[in-house]
Amino acid sequence: MTQARTLADIGATGAGSNIKEQFTLVCNGEPVTVGSGTYTPTNVTAAQLLTESHVVINGSSLAYTPPSDTTEVIYEFSFTWQLYSTVTQLAHYAMRIDGTQITGTRNTYSNDATYGNEIIDFKWRIPIGGSASTSTGRVASWTSAKTIDITGRIFSSTYTGQVNRSSYWDGASNAFFPQPIIKITALG
């Protein structure tokens, strides 16, 4: 499981004293209004089977415009990876900004056939200003909405990959769909 990190751990200087805006969205379709606008997450109500092509992981997409004078945005996405399978899971995921994959965020998920779930806590710092970089996610400027999302795919048809689902609860086999969470922190 990915360890949660503090803002200071991911390069935010003076974390806490320079927060311009911070909010959390549970992916249940309920909007949240903050200084920069109103943001409505996807209402995730079903599991998502991954394929051999990258697809947006349900709930991860957010079109965001930070407050003026923001120097970096921290994007966090927490989602469930279902482990119940008789086949080993092997899949990949990465963050995109406006449809461009940020290569530094590429990651591979794997498990041996087992039961349960794993929560993936993805966190990435997006610096603003200077030369844009598809490796780090740095953007030259950010004055209008940019869409941030996470895509995922299975390694090949030999493997499986399913997100936003759990198979067991309260001592029984009972499928349910844990809703992912997005958190945004704008720093200046």
Side-chain angles (χ1 to χ4, degrees), residues 1-5 9-10 23-30 39-64 73-127 132-139 145-169 175-185:
M1 180 163 78
T2 304
Q3 295 292 321
R5 299 178 291 168
D9 289 337
I10 56 177
F23 61 95
T24 301
L25 298 165
V26 175
C27 296
N28 60 7
E30 294 181 11
Y39 300 96
T40 304
T42 303
N43 185 15
V44 176
T45 60
Q48 181 180 12
L49 287 170
L50 300 180
T51 66
E52 290 181 71
S53 299
H54 272 275
V55 294
V56 174
I57 294 179
N58 292 339
S60 71
S61 185
L62 181 68
Y64 178 64
V73 171
I74 309 300
Y75 168 85
E76 299 177 55
F77 183 59
S78 180
F79 63 104
T80 302
W81 207 291
Q82 182 185 15
L83 302 180
Y84 174 74
S85 177
T86 57
V87 178
T88 298
Q89 294 191 40
L90 180 60
H92 313 292
Y93 61 95
M95 184 183 82
R96 299 186 315 173
I97 300 174
D98 282 342
T100 299
Q101 187 181 87
I102 306 307
T103 59
T105 68
R106 292 176 177 169
N107 209 326
T108 297
Y109 174 84
S110 178
N111 75 301
D112 292 323
T114 186
Y115 297 94
N117 297 330
E118 186 165 338
I119 296 174
I120 304 295
D121 290 318
F122 177 88
K123 185 182 286 190
W124 197 259
R125 173 181 172 260
I126 305 167
S133 169
T134 58
S135 174
T136 66
R138 178 179 290 277
V139 295
K146 292 187 183 293
T147 300
I148 308 167
D149 60 29
I150 303 289
T151 64
R153 62 159 286 174
I154 57 174
F155 179 79
S156 72
S157 62
T158 306
Y159 299 95
T160 63
Q162 186 168 201
V163 296
N164 300 329
R165 179 182 177 172
S166 182
S167 293
Y168 296 98
W169 175 251
F176 65 97
F177 312 103
Q179 292 175 313
I181 296 170
I182 295 175
K183 183 177 179 181
I184 295 289
T185 305

(request) Kindly determine whether Gln101 and His54 satisfy side-chain contact (heavy atoms from CB on, under 4.5 Å), including the steps that lead there. (result) CA-CA 10 Å; Gln101 187 181 87; His54 272 275; 4.0 Å; yes

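- Between the side chains of Asp121 and Ser78, at least one donor N or O sits under 3.5 Å from an acceptor N or O.
- Between Ile148 atom CD1 and Arg96 atom CZ the span is 12.0 Å, to the nearest 0.5 Å.
- The backbone N or O of Met95 sits less than 3.5 Å from a side-chain atom of Thr105, completing a donor-acceptor pair.
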Under the criterion side-chain contact (heavy atoms from CB on, under 4.5 Å), I'd like the reasoning laid out for Ile150 against Tyr75: C-alpha separation, chi angles, the key distance, then a yes or no. CA-CA 11 Å; Ile150 303 289; Tyr75 168 85; 3.8 Å; yes

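- Of all non-hydrogen atoms in Gln179 and Cys27, the two that sit nearest each other are NE2-O, 3.3 Å.
- The closest donor-acceptor contact from the side chain of Asn28 to the backbone of Asn43 lies at 3.5 Å or more, if one exists at all.
- A heavy-atom distance below 4.5 Å is found between the side chains of Thr147 and Ser61.
- Between Tyr39 and Phe23, the angle of the ring planes stays under 30°, which puts this pair in the parallel group of the 30/60° scheme.
- A donor-acceptor contact shorter than 3.5 Å links the side chain of Arg153 to the backbone of Glu52.
- With values rounded to the nearest 0.5 angstrom, Thr108 atom OG1 is found 8.5 Å from Phe155 atom CZ.
- Closest approach of Pro180 to Asn58, counting heavy atoms only: CG-O, 3.7 Å.
- For the residue pair Val56 and Gln48, the shortest heavy atom distance occurs at O-NE2, 2.9 Å.
- The CD1 atom of Ile74 sits 9.5 Å away from atom CD1 of Ile184, with the distance rounded to the nearest 0.5 Å.
- Considering every non-hydrogen atom in both Ile102 and Ser133, the closest pair reads CD1-O, 4.5 Å.
- Once rounded to the nearest 0.5 Å, the distance linking CD1 of Ile126 with CD1 of Ile97 reads 4.0 Å.
- Atom OH of Tyr93 and atom CZ of Phe77 lie 11.0 Å apart (nearest 0.5 Å).
- A donor-acceptor distance shorter than 3.5 angstrom exists from the side chain of Thr136 to the backbone of Arg138, with no hydrogens or angles considered.
- Taking CD of Glu30 as the start and CG of Leu25 as the end, the distance is 10.5 Å to the nearest 0.5 Å.
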